[in-house]
Protein chains: 2
Amino acid sequence: MTSTDRVPGSVSEHGPGATAVRPTRQRRAVAAALEAFDDFRSAQEIHALLRDRGESVGLSTVYRTLQTLADADEIDSLRTETGESIYRRCSGTHHHHLVCRSCGATVEVEGPTVERWTSAIAGEHGYTDVSHTLELFGTCRACAGR
Amino acid sequence: MTSTDRVPGSVSEHGPGATAVRPTRQRRAVAAALEAFDDFRSAQEIHALLRDRGESVGLSTVYRTLQTLADADEIDSLRTETGESIYRRCSGTHHHHLVCRSCGATVEVEGPTVERWTSAIAGEHGYTDVSHTLELFGTCRACAGR
DNA sequence: AAGGTAGGTGAGAATCGTTGTCAAATTGGC
DNA sequence: GCCAATTTGACAACGATTCTCACCTACCTT
């Protein structure tokens, strides 16, 4: 690898010797697909959407790209109750989700209270380097009306 | 199905006419296995333990039994970051877990603060019938020392 | 522009946890 | 002991995800 520094397109990783990430057609397509939704979607759904749009991208690539984006915190990912991973574009700041069980409508919520609580609890028990998962599932107003 | 109504499913349910779940050798073995651990274990690990102990129980049965127990809230279940289901005996009251990423040591924690917060948030956004998942992962003191 | 090369792609195979199938075995009530 | 409902377990089937690997492409160097 050469020594010239480069600032690659989308995934925010940089500095000398950092892995280069190339802005390929496929990556742009996946990113665009995420913009088209505003609720959580699975890799397979995104793959299907792209195929229907005529911008077909290999399933492996969709998985890879979503993972890369999620690792870089450029999108949110979470697991449904059935263990499936779903993804969504996100706001960048740390937050959690309130997801409608029936229609998928999602609200991003912030929880300074919870953040404080988790680190307090962790410290209390001598745990370090703590991360947490917190998701709320419920029925939104619209869906409750039926 | 006969005419008498019976309470389906619930594991520790008894009394007249309510015997849908039988205390078989296999179920006792799975329950005993859970007592032997105090951290979370996967169905496969429990299946392996039983096999090694010479109390072999079919894998399907282990899965079924764990699910039944979890549905009846007699054991805790949660999903690891990789989507695998893991189980553990539990205290019965609502609580969350602080799990060591490296050795699996688990602390049950209660969070009245969090419970209040979640219902407040949910109400604020008009969501009803809300459930939540909250798990903490970290490195316990013992593991941090290496 | 040409060439080299590290990174990226995708079709299909492989994995892995989990669930379904169904005949045989067990259980509890009579 | 007999019977019917329940349970079991070997095995197949499944679905999501990851791996493989030959081919492709973006991007740097010349």
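A note on names: the letters A, B, ... follow the listed sequences, proteins ahead of strands, and every chain is numbered from 1.
The cluster map of Ile, Leu, Val, Met, Phe, Trp and Tyr, joined by side-chain heavy atoms under 4.5 Å apart, puts A:Val57 and A:Ile86 in different clusters. B:Leu134 and A:Val99 fall into different hydrophobic clusters, where Ile, Leu, Val, Met, Phe, Trp and Tyr side chains are chained together by heavy-atom contacts under 4.5 Å.
Here ring pair (Phe, Tyr, Trp, His ring centres under 6.0 Å) pairs that include residues 39-90 of chain A, with residues two or more places apart or in two chains, are A:Phe40-A:His97.
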So if I define the base as every atom that isn't primed, P, OP1 or OP2, how would nucleotides 9-21 of chain D read as a B/S/- string at a heavy-atom cutoff under 4.0 Å?
BBB----SBBB--
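Phosphate contact (OP1/OP2 of D:dT7, side-chain N/O of B:Arg27, threshold under 4.0 Å): present. Residue A:Thr24 has no polar side-chain atom (N or O) positioned under 4.0 Å from OP1 or OP2 of C:dG7.
The overall bend of the helix from C:dA1-D:dT30 to C:dC30-D:dG1, read as the angle between its terminal helix axes built from five base pairs each, is 30° when rounded to 10 degrees.
Every residue two or more places apart in sequence or in another chain was checked for a ring pair (Phe, Tyr, Trp, His ring centres under 6.0 Å) with A:His125, and none qualifies. Among residues two or more places apart in sequence or in another chain, the side-chain contact (heavy atoms from CB on, under 4.5 Å) test is passed with A:Asp71 by none. Every residue two or more places apart in sequence or in another chain that forms a side-chain hydrogen bond (donor to acceptor under 3.5 Å, both in side chains) with B:Thr80 is listed here: B:Thr82.
Atom pair A:Arg22:CZ and C:dG7:C1' shows a separation of 4 Å (rounding to whole Å applied). Rounded to whole Å, the distance from CG on B:Leu66 to P on C:dT19 is 10 Å. The nearest whole Å value for the distance from the NE2 atom in A:His47 to the P atom in C:dG10 is 9 Å. Rounded to an integer number of Å, the gap from B:Ile46 CD1 to C:dT18 C1' is 14 Å.
For B:Arg53, the CZ atom counts as densely surrounded, since its 6.0 Å shell holds more than 12 non-hydrogen atoms of other residues, nucleotides or ligands.
A heavy-atom distance below 4.5 Å is found between the side chains of A:His95 and A:Cys90.
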